[in-house]
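Have a look at the structure below before the remarks.
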Amino acid sequence: MKKKKKLLLRPPIVTIMGHVDHGKTTLLDKIRQSNLTAREAGGITQTIGAYQIEIDVDKQSEKITFIDTPGHAAFAQMRARGAQLTDLAVLVVAADEGVKAQTKECLEHIKEAKIPFIVAINKIDLETANADKVKSELVELGYPPEEYGGKIPTVAISAKTGAGIDDLLELIVLMGKILELNANPDGEFRGVVLEAKKDARRGAAATVIVMNGHLEPRQTIYLSEEAIKVRAILSPSGQNIKWAGPGQPVEVLGFSEPPPPGSPLTAHAVNRDDDLTAAARKESEEAKVDLLALLEGKAAEEEEKKLKIIIRADSQGSLEAVERNLPPEAQIISLGVGEISEADVFLAQTSGAQIYGFRVGANLAAQKEARQHRVFWRTFTLIYELFETMGEEILRLTQPASEAAAAGRAEILKVFPFDGKKVAGCRVLEGKLNKRWHVHLARGNKDLGEARISSLRRGKQPVDEVAAGNECGLILSPQLDFQPGDMLISYSNKKSEE
């Protein structure tokens, strides 16, 4: 007699979406009673996270799995991927600002994913809140709320005070039951990679949502044809667990390399000639080789207009966000997940590239090698700062003063007054600063003016020149409006008339 399938309702998988600063992370923070927002750099969510909560509804315990997708514009693709993995979405719209550009973008992702959604009208505690305005804007976009005769449920909430959040959670549970989200915890395992990363201590790890069956340590699962021996399973809070069932988000250790986000995981090997995952990996490696080959064949004039870059990030999703938003003047030499290594510095030396790390550091060997050979490398926790610095470098390459090659570049670290003037405390990053040379002040992609160095000192000692790797203090004439983080770019063909 054939065994009957044991189908049970699994927890709904819910994506939180919305415009930046409309309260997505604060909402999750309130739901989980933790302090995620304070720990995130700049208050911006920059990697997808998944969390499961348990609540009481009508005296019954119910679970909900939340996916937190970033609201920053650079992470549109990560938001799209989140929508495709979810059962329903909660679109957070601030009652004081209404529908914004990224709100509309989220609605497009929801429409393409063909999933139901709830609109959480947040910040109703503010005096400037206007929930009716939000509802009217939804009507104009073709998404009329239920109270306006449409099909879109809305809930007024305050992620700050907690008002309305219980109503939102109960509505999510109800919609999950209506959707009949069945799964068999004893059936064949199926899962989806939500995010992946790699560090020196634990190796490759992936955030996985279990869709059917279950996961246990020492279990063998498959990424296409590759067998993965599950070394450990961690809860979202980092605790070791022995079992994970349908709808549960977990971090899985045991991968040799971070798997691509969105990859399916199965209980058996998938042997297909058109395996997209394997093909994508091969294509990626071939692309890197092609880029290096093209590097040698480009004309010198064209090469001068490209900023060669090596990118390292903490996860595949972060890497994707950086790659998709690179300016056209940037030429990719290498992309990868993990910390900046000595091998990256060697590649930068041979290719003339700069190294940019996003949410990763550089190991000691890489730092030593970079200092010794004056290889440019920087690390960033905020994506807009990465692009600002990259813009400065592109400006230096594509818009040099008087079409001359830059002879030196220094970053202003500190500004302090001296004898009625402003002194710039600088570190020379490349080349050198010479007292007889003029400099241009750059902030982001903007050239803020030209001046000469009227005073140049190392410590208290006046000097004529400061080489790369050294710090100095200088006074400009005329006094430009500089600030920490600005760049001074010197040109040897523009000398002071002294």
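All values below were derived from every heavy atom in this structure, side-chain atoms included, with hydrogens, water molecules and symmetry-related copies excluded.
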All pairs passing salt bridge (Lys or Arg N to Asp or Glu O under 4.0 Å) where residues 337-353 contributes a residue, at least two apart
R312-D344
Partner of I311 under side chain to side chain contact (heavy atoms under 4.5 Å, CB included), picked from L335, I333, I355, is L335
May I ask you to test the N434-S490 pair for a side-chain heavy-atom distance under 4.5 Å?
no
With sequence neighbours excluded, tell me which residues meet salt bridge (Lys or Arg N to Asp or Glu O under 4.0 Å) with E97.
none
Is there a side-chain contact between V375 and E369 (heavy atoms, below 4.5 Å)?
no
Got a sec: does the NZ of K432 have more than 12 other heavy atoms crowding it under 6.0 Å?
no
Tell me whether K30 contacts the main-chain N or O of T25 through its side chain, where contact means a donor paired with an acceptor under 3.5 Å.
no
Does atom CG (N240) have a neighbourhood of more than 12 heavy atoms from anything else shown, all under 6.0 Å?
yes
Measure from the side-chain N and O atoms of Q102 to the backbone N and O of V20, and report whether any donor-acceptor pair falls under 3.5 Å.
yes
Between the main-chain N or O of H214 and the side-chain N or O of Q219, is there a donor-acceptor pair closer than 3.5 Å?
yes
I'd like to know if the side chain of K422 reaches the main chain of F482, judged simply by a donor and an acceptor atom lying under 3.5 Å from each other, with no hydrogens or angles considered.
yes
Report yes if some heavy atom in the side chain of N363 is under 4.5 Å from a heavy atom in the side chain of I340; otherwise report no.
no
Has R458 got a side-chain atom pairing as donor or acceptor with Q461's backbone, closer than 3.5 angstrom?
no
I want to check something: taking the side chain as every heavy atom from C-beta on, are M211 and I209 in contact at a cut-off of under 4.5 Å?
yes
Quick one: OG on S351 to NZ on K308, what's the gap to the nearest 0.5 Å?
6.5 Å
Do I412 and C426 touch side chain to side chain, with heavy atoms closer than 4.5 Å?
yes
Mind checking what makes side-chain contact (heavy atoms from CB on, under 4.5 Å) contact with A468, not counting sequence neighbours?
R374, V428
Using a cut-off of 6.0 Å, state whether more than 12 heavy atoms not belonging to F418 lie near its atom CZ.
no
Looking at CG of L27 and CD1 of I16, how far apart are the two atoms once the value is rounded to the nearest 0.5 Å?
5.0 Å
Roughly how far apart are Q316 CD and K198 NZ, rounded to 0.5 Å?
10.5 Å
Carboxylate-amine/guanidinium proximity below 4.0 Å for R378 and E393:
no
Do side-chain atoms of T65 reach the backbone of G247 as a donor and acceptor pair under 3.5 angstrom?
yes
So, for T220 and K229, which heavy atoms are closest and what is the spacing to 0.1 Å?
OG1-CD, 3.7 Å
With heavy-atom distances below 4.5 Å as the criterion, would you say the side chains of Q354 and L307 are in contact?
yes
Determine whether E392 and R409 make a side-chain contact, defined as any pair of heavy atoms from C-beta on separated by less than 4.5 Å.
no
Which class fits the ring pair Y356 and F380: parallel under 30°, tilted 30 to 60°, perpendicular over 60°?
parallel
With sequence neighbours left out, what residues match F66 under ring-ring contact (aromatic ring centres under 6.0 Å, His included)?
none
The side-chain contact (heavy atoms from CB on, under 4.5 Å) partners of A467 (sequence neighbours excluded) come to N470
Please name all residues satisfying side chain to side chain donor-acceptor pair (under 3.5 Å) with S235, sequence neighbours left out, ordered by chain then number.
S237
Could you tell me the separation between the CD atom of E388 and the CG atom of L382, rounded to the nearest 0.5 Å?
9.5 Å
Less than 3.5 Å apart, any donor N or O on the side chain of T86 or T15 sitting next to an acceptor on the other?
yes
Any chance you could measure L215, atom CG, to I233, atom CD1, to the nearest 0.5 Å?
5.0 Å
For the side chain of E226 and the backbone of L223, is there at least one donor-acceptor N/O pair under 3.5 Å apart?
no
Rounded to the nearest 0.5 angstrom, the CG-CG distance for L488 and L441 is 6.0 Å
Side chain of E471, backbone of G425: donor and acceptor closer than 3.5 Å?
no
Compare every heavy atom of C106 with every heavy atom of L91, then report the nearest pair and how far apart it is.
CD1-CB, 3.7 Å
Checking the side chain of H440 only, and the main-chain atoms of I489 only, is there a donor and an acceptor separated by less than 3.5 Å?
no
Are any non-hydrogen side-chain atoms of R202 and K197 less than 4.5 angstrom apart?
yes
Going through the distances and angles, do H373 and F346 end up as a side chain to side chain contact (heavy atoms under 4.5 Å, CB included)?
CA-CA 9 Å; H373 295 280; F346 292 150; 5.8 Å; no
Closest heavy-atom contact between I332 and E323?
CD1-CG, 4.1 Å
